[in-house]
2 protein chains.
Amino acid sequence: MKHLQTLQYVDTIARVGSIRKAAETLFITSTALNRRVLALEEELGVPIFERLPRGVRLSAAGEILIHHARMQMADMERVQSQIADLSGVRRGHISIVCGQALLAYFMVDHVARYRQQHPGVTFSVSVCNRADAISALSNYDADLAIVFEPVRTPDFHPIGSVPQAIQAIMSAEHELTKKSELTWSDILSAKLILPTRANGVRHLLEEALAKKGGELNTVIESDSFDFIRNYIVSENCISFQIPIGLPKKSDKSSFITRAIGINAIPHGHVFVGQMNGRALPVAASLFANELIKSLENLDPRSNN
Amino acid sequence: MKHLQTLQYVDTIARVGSIRKAAETLFITSTALNRRVLALEEELGVPIFERLPRGVRLSAAGEILIHHARMQMADMERVQSQIADLSGVRRGHISIVCGQALLAYFMVDHVARYRQQHPGVTFSVSVCNRADAISALSNYDADLAIVFEPVRTPDFHPIGSVPQAIQAIMSAEHELTKKSELTWSDILSAKLILPTRANGVRHLLEEALAKKGGELNTVIESDSFDFIRNYIVSENCISFQIPIGLPKKSDKSSFITRAIGINAIPHGHVFVGQMNGRALPVAASLFANELIKSLENLDPRSNN
DNA sequence: CGTAGCGATGCAATAAATGCATCGCTACGT
DNA sequence: ACGTAGCGATGCATTTATTGCATCGCTACG
């Protein structure tokens, strides 16, 4: 949209921190971009950016403006999507951030299903931790966030959730496979490979630790579930994952899952959420509804 | 603001219903304005206006757009006011709609007092009935509405209120001045001059009538309280008003007020409200706070 | 102490918006 | 029934705004 171009420019400058660099990514000359900034500052009567030797940084006024600008741009997208919806076509773009566990199977399924019904809708799906997911919503970088045990902030507005019990995963040779359900002392006694602290599963585990005491025998920490999954067949240790993040029964070849007693580690929840107070574009809103409906029908014990 | 000019233009066209007429009020040629519309429609891919033989009317897409446009413009005003507030100066414009009763003394006082503290803030104060007040909020024509017994809609967000007992007013010669408090049968027996049905006082009176029965002896109906106030000295009839709408004790020369039994007519409430979900400019927000503080300190019986 | 990277600015080139005159259309009044 | 007034659309010339180039002054970095 033409009339938002300047705001778009300002947004880019704020993100990259320099007018010249921003000009490159926007495919215009730095002169033109600089002049836009100066004109806007003239209009507002105050500088939007502080000039630093190596670039620019938002001033206090700029912070206020940029928040408005991002809101305006997101709202215009919503307007365009609503207008497009009037003419029957469902078009638009949905930007999603979600935790690693949710991305691999759950999001793949749902995005594919939605795209089958609405080929005009494009997606961007990014993986990130719980804290970054919320800030992506606040910056209007993402329309929806799907996370396990989200950070509680006023900016995050949950619109659907499903409880998820943490499960232990291990190789078929591990001695704990003999038990059908693991206790807290089983966990304490085992060698563990855990996701990093930004992860929701890890968070729940740390909470249980604080409450129940003991010491975790954490031999490896990794932010890649792929690494974890492949590693447990190489060394005799166990890790944890939520059911929604595990492949379906049929292809579960390389490792074994075991339930964990509800007394050992409490259930967590997967949340679908958006930024508080924001009106989503038509496509994103519909997609969110379908996600939630799917979550509601999801029995946590059905895909163990 | 430059980048909102086209939206401002579209808003004006939508209001006056014709590109040429709008062009006159905007002091530009119809050509330029027409071209803006065409360019915007080109961008959106759909017509914003339906072309009629005598002008234009918003299309369905236009309705969506205009709502967005008004929101954007109001929000930009808020941003500007917040930015101005950063440099210490309190500037801006506050647009208020309120009922006739509230305008004459209450609003005069408060606007004057606020302007004394903040000379940089300008006001527009319009009188209108309760229903129009709410729609003015919805259209972003007004920042605040102060009304007696407002219409209940989701768009109206009350942010403060004070109970107000309806009082009877009459000339000093009226026989009901002998009583210190009027009953329902006193009211039924008297000749009445009433405000029109759009008025909140009248609304409360009609409610009481529906509940208690009887027949009002309405000899004159007028939407002007000036007319009513002057008329009651000419013919021997009574009317009604809320305390907040009456002059202070000292200058109350031409007519007499009498309380009405709480059993006869229940108390109503004066509300200060804004549009639901909208962020007000700094000045408007502060003014609203002062209004509310003043309402809270207002004892309904103190200025009888 | 030179150099590289930054934002600001004068001046010319380019692109965009505007204004005028005019077209075709429809409803309204006579 | 028909002229007319009012409307939006459009081609063309003009004015205005935007952009690009070259260059300045500045500061941190090596």
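All chains are named by letter (A, B, ...) in the order of the sequence lines, taking the proteins before the strands, and each is independently numbered beginning at 1. From a predicted model like this one, the values you see are computed outputs, not experimental measurements.
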Query raised in the report: Below 6.0 angstrom between ring centroids: does that apply to B:F287 and B:F123?
Result: yes
Query raised in the report: For B:R20, which contact category applies under a 4.0 Å heavy-atom criterion: base, sugar-phosphate, or nothing?
Result: base
**Report entry** Nearest listed nucleotide, side chain of B:T29, among C:dG7, D:dA17, C:dC20
**Finding:** C:dC20
Requested in this report: Taking only the side-chain heavy atoms of A:L38 (C-beta and beyond), determine which of C:dT18, D:dA17, C:dA8 contains the nearest atom.
Outcome: C:dA8
Report summary line: Of the listed C:dA8, C:dC11, D:dT10, the closest approach to the B:R35 side chain comes from D:dT10
Query raised in the report: Can you tell which of D:dT18, C:dG7, C:dA16 lies closest to the side chain of A:R36?
Result: D:dT18
Report task. Compare side-chain N and O positions of B:K21 against OP1 and OP2 of D:dC7 and report whether any pair is under 4.0 Å apart. Result -> yes
Query raised in the report: Which part of the nucleic acid does A:V37 contact within heavy-atom distance under 4.0 Å: base, sugar-phosphate only, or nothing?
Result: nothing
Report summary line: Out of C:dG7, C:dT26, C:dA8, minimum distance to the side chain of A:N34 belongs to C:dA8
Requested in this report: Answer yes or no: does a side-chain N or O of A:K2 lie under 4.0 Å from OP1 or OP2 of D:dT18?
Outcome: no
Query - For D:dG30, the Watson-Crick or wobble partner whose two distances fall under 3.5 Å - result: C:dC1
Query raised in the report: So does A:E42 have more than 12 non-hydrogen atoms from other groups sitting under 6.0 Å from CD?
Result: no
Requested in this report: Have a look at A:S18 and say if it touches a base, only the backbone sugar-phosphate, or nothing, with a 4.0 Å heavy-atom cut-off.
Outcome: sugar-phosphate
Requested in this report: Identify whether any heavy atom of B:T31 sits under 4.0 Å from a base atom; if not, whether one sits that close to sugar-phosphate; answer base, sugar-phosphate or nothing.
Outcome: base
Query raised in the report: Can you tell me how far the CE atom of B:M73 sits from the CG atom of B:L7, to the nearest 0.5 Å?
Result: 6.5 Å
Query - C:dG7 base / A:R54 side chain donor-acceptor hit below 3.5 Å - result: no
Query raised in the report: Does the pair B:R70/B:E63 count as a salt bridge with the N-to-O cut at 4.0 Å?
Result: no
Report task. Compute the centroid of each ring, for B:H110 and then for B:Y114, and state whether the two points are separated by less than 6.0 Å. Result -> no
Query raised in the report: Roughly how many Å is it from CZ in B:F49 to P in D:dC7, rounded to a whole number?
Result: 15 Å
Report summary line: Taking a pair to mean Watson-Crick or G-U wobble geometry with both distances below 3.5 Å, D:dC24 pairs with C:dG7
